[in-house]
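Below: one structure, written as structure tokens.
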Amino acid sequence: MADANHFDVVILGAGSGGYACALRAAQLGLTVALVEKGNLGGTCLHVGCIPTKALLHAAEVADATRDAGQFGVQASLEGIDMAGVNTYKDGVVQRLFKGLTGLIKGRGITVVEGAGRLVGRDAILVDTADGPQTLTGKNVVLASGSYSRTLPGLEIDGERVLTSEHALRLDKVPASVIVLGGGVIGCEFASVWRSFGAEVTIVEGLPRLMAAEDADSSAQLERAFRKRKIKALTGTMFESYEKTETGVRVTAGGQVLEAELLLVAVGRGASTDGLGYDEQGIAMDRGFVLADERCRTNVPGVFAVGDIVPGLQLAHRGFAQGIFVAEEIAGLAPTPIDETGIPRVTYCDPELASVGLTEAQAVEQHGADAVESLVYDLGGNGKSQILKTQGSVKLVRRKDGPVVGVHLVGARVGELIGEAQLIYNWEAFPADVAPLVHAHPTQNEALGEAHLALAGKPLHAHS
Ligand code: FAD
């Protein structure tokens, strides 16, 4: 008789990486068990991408209302009702959650609720409400995700010292906030709170905001944030903090800052502690699980996907790796994912979007003489003028070779990354893109014009 606890694939964690793997594996006819101690959908759906982007959209509505007069529309912003914002945000999450739950059920995936641990190379022990249950799999996929890190001595209390999870549950707009960390999560929350009317100070130890992006993008973001009166203290190391009667006092770079709340956004560690990975001999580095380009750990039959694997911590990378592993297990021999070809978007105002190499990385890889770059200012783009946004399209190419990096700054540019990632991933030359017709007036045209310019035939730009 078939063992009801034995599957082709057992997956630990039902976030972006885990559930995508489950859906694809089931589609390919494999039997799948998906272990989850929280909610199907994981960080991205419940406390990550989706709720933060809903907040950012509400922030955009607030800004549009506040600035309506600039467009001849009479409106005034009376205030932010956080209960209303949260109802909207939670409604989006709940609808998607319901859809995902139905989808997983519909594919015949066995969902096992409870905390799991790797107890053998092919076995996961789950602490379910009905007692322990051991699942075995021909293949095991580790997808236990990540958690908000803090700094030594900086204690998260969930009231004045918050992580992004707490920040998503606030029931009022703080008067002032210090955001520790000028990466994606820090910049996005800084942007939301500023739009909602808070005084915001970002403290970042590195010399610039969004330090993983092209230096030009960081510079433009800093300029835009300055205009929005978001204070960014870059190259400023956090030293200490204390709670006060009304909030927090932070010492950083010798300065003393006070605010109602402190958001700690200093990166995310891998959720791997105590899950038995070490004991089963899985090779790890600082809590992260090491996997090769085929998402294989060093232990045969055990794969790893998503945020636990060093690299970009992004939902769509998790999806792609999950799908890859399902196809690999099913014997489809999929093509490995080019990590550099994964698009990156930060949804603050203005948005930042990029794919491929920064100019500095391209120079490092190919040499300064072999790299050419071009910046097309959105000032020349009709739709950008209509939206009253500033920003640019920056292209980095190998001289006489393909485009190796695209970097975008401006309102709504996240929506342009689709074309940019095709350009990068298809290794297009500027001359391949130049003849493609872009709809007018869209900001996509700016991508087209930048390629025209790089191909030596600028239309609206100066030659
Ligand atoms: P997770 O989504 O973290 O899922 C792991 C799952 O495993 C969780 O559900 C957890 O409960 C479960 N689990 C862990 N341990 C166990 C155990 N022992 N037993 C059972 N279950 C377990 N990415 C983007 O691409 N775009 C964005 O706009 C974006 N915004 C973000 C905003 C914020 C505030 C945050 C925090 C993240 C954001 N991300 C964004 C990142 C994105 O959420 C992650 O990259 C993605 O969720 C990673 O997927 P994952 O499957 O690796 O892990």
Side-chain angles (χ1 to χ4, degrees), residues 10-22 33-57 89 93 97 100 111-119 124-128 133 135 141-149 162-169 179 181 183-192 263-277 288-289 291 295 303-323 325 342-348 351-353 414 417:
V10 177
I11 304 168
L12 183 60
S16 312
Y19 88 68
C21 184
L34 183 59
V35 181
E36 175 56 56
K37 66 176 181 179
N39 288 320
L40 295 177
T43 304
C44 166
L45 178 53
H46 298 280
V47 289
C49 328
I50 299 297
T52 51
K53 267 76 262 182
L55 280 189
L56 280 151
H57 182 66
K89 161 177 75 65
V93 172
F97 178 44
L100 178 65
V111 175
V112 181
E113 290 176 21
R117 255 173 72 75
L118 191 67
V119 291
I124 287 183
L125 175 67
V126 190
D127 191 11
T128 76
Q133 184 180 351
L135 308 167
V141 182
L142 309 177
S144 47
S146 60
Y147 66 93
S148 305
R149 276 201 343 239
L162 315 179
T163 66
S164 56
E165 284 193 40
H166 306 114
L168 281 168
R169 291 199 298 262
V179 175
V184 181
I185 293 176
C187 286
E188 290 189 348
F189 273 101
S191 189
V192 168
L263 172 70
V264 181
V266 293
R268 294 180 64 81
S271 296
T272 54
D273 235 23
L275 301 190
Y277 300 174
F288 287 85
V289 175
C295 300
F303 297 84
V305 299
D307 283 6
I308 57 169
V309 180
L312 294 168
Q313 291 177 316
L314 291 171
H316 43 285
R317 171 179 178 260
F319 292 144
Q321 291 177 331
I323 293 165
V325 167
I342 296 174
R344 310 164 290 252
V345 181
T346 306
Y347 299 83
C348 50
E351 290 185 348
L352 258 57
I417 204 62

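Whatever order the structure lists them in is the order used to number ligands and atoms, beginning at 1.
Shortest contact from atom 22 (C) of ligand 1 to any protein heavy atom: Lys37 CG, 3.7 Å. Protein heavy atom in closest approach to atom 39 (N) of ligand 1: Cys49 SG, 3.7 Å. Scanning the protein heavy atoms around atom 33 (C) of ligand 1, the nearest turns out to be Gly48 CA, 3.5 Å. Residue, atom and distance of the protein heavy atom nearest to atom 4 (O) of ligand 1 are Gly15 CA, 3.3 Å. At the shortest separation from atom 14 (C) of ligand 1 among protein heavy atoms lies Ser144 O, 3.2 Å. For atom 12 (C) of ligand 1, the closest non-hydrogen atom of the protein is Glu36 OE1, 3.3 Å. Of all protein heavy atoms, the one closest to atom 7 (O) of ligand 1 is Gly13 CA, 3.2 Å.
In this structure, SG in Cys295 is found 11.5 Å from CG in Leu142, a value given to the nearest 0.5 Å.
Residue Gln313 approaches ligand 1 through these ligand atoms, each under 4.0 Å from one of its heavy atoms: 41 (C), 45 (O). Residue contact check: Gly114 has heavy atoms under 4.0 Å from atoms 19 (N), 20 (C) of ligand 1. Atoms of ligand 1 lying under 4.0 Å from at least one heavy atom of Gly145, given by number and element, are 1 (P), 3 (O), 5 (C), 52 (O), 53 (O). Near Ser164, meaning under 4.0 Å from any of its heavy atoms, are these atoms of ligand 1: 34 (C), 36 (C). Close approach of ligand 1 to Gly306 is summarised as follows: ligand atoms under 4.0 Å from at least one heavy atom of the residue are 52 (O). Close contacts between ligand 1 and Arg268 involve ligand atoms 36 (C) [criterion: under 4.0 Å to a heavy atom]. Near Ser146, meaning under 4.0 Å from any of its heavy atoms, are these atoms of ligand 1: 3 (O). Numbered from 1 in the order shown, with element, the atoms of ligand 1 that lie under 4.0 Å from a heavy atom of Ala143 read 5 (C), 6 (C), 7 (O).
Proximity of Val47 to ligand 1, defined as any heavy-atom pair under 4.0 Å, is confined to the backbone N, CA, C and O atoms. For Tyr347, every heavy-atom contact with ligand 1 shorter than 4.0 Å involves the side chain, none the backbone. When non-hydrogen atoms are compared, ligand 1 lies under 4.0 Å from neither the backbone nor the side chain of Glu165. If you look at Lys53 next to ligand 1, the close heavy atoms, those under 4.0 Å, all belong to the side chain. Looking at Ile308 against ligand 1, nothing comes within 4.0 Å, counting heavy atoms.
Side-chain N or O atoms of His316 include one that pairs as donor or acceptor with a backbone N or O of Pro343 at under 3.5 Å.
Counting heavy atoms only, Ala315 comes closest to atom 23 (N) of ligand 1 of the residues Ala315, Gly116, Ala20. Summarising the contacts of atom 44 (C) of ligand 1 with Val309, Thr43, Asp307, the nearest heavy atom is found in Asp307. Across the listed options Gly18, Gly186, Ser148, Ser16, Ser16 owns the non-hydrogen atom lying nearest to atom 49 (O) of ligand 1.
Of all non-hydrogen atoms in Gly145 and Asp307, the two that sit nearest each other are C-CB, 4.0 Å. Here the closest heavy-atom approach between residue Gly18 and residue Val305 is recorded as N-CG2, 4.3 Å. For the pair Phe189 and Ala167, the tightest heavy-atom approach, listed with the atom from each and the gap, is CE2-CB, 3.5 Å.
Ligand 1 has an N or O atom lying under 3.5 Å from an N or O atom of Gly17, backbone or side chain. Taking distance alone, with nitrogen or oxygen atoms compared against 3.5 Å, Cys44 approaches ligand 1 more closely than that limit. Among the atoms of Leu314, some N or O lies under 3.5 angstrom from an N or O of ligand 1.
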Pair up each side-chain donor or acceptor in residues 34-49 with any protein partner under 3.5 Å, not counting sequence neighbours, and list the distances.
{"from": "Glu36", "atom 1": "OE1", "to": "Ala14", "atom 2": "N", "distance (Å)": "2.8"}
{"from": "Glu36", "atom 1": "OE2", "to": "Gly38", "atom 2": "N", "distance (Å)": "2.6"}
{"from": "His46", "atom 1": "NE2", "to": "Leu40", "atom 2": "O", "distance (Å)": "2.8"}

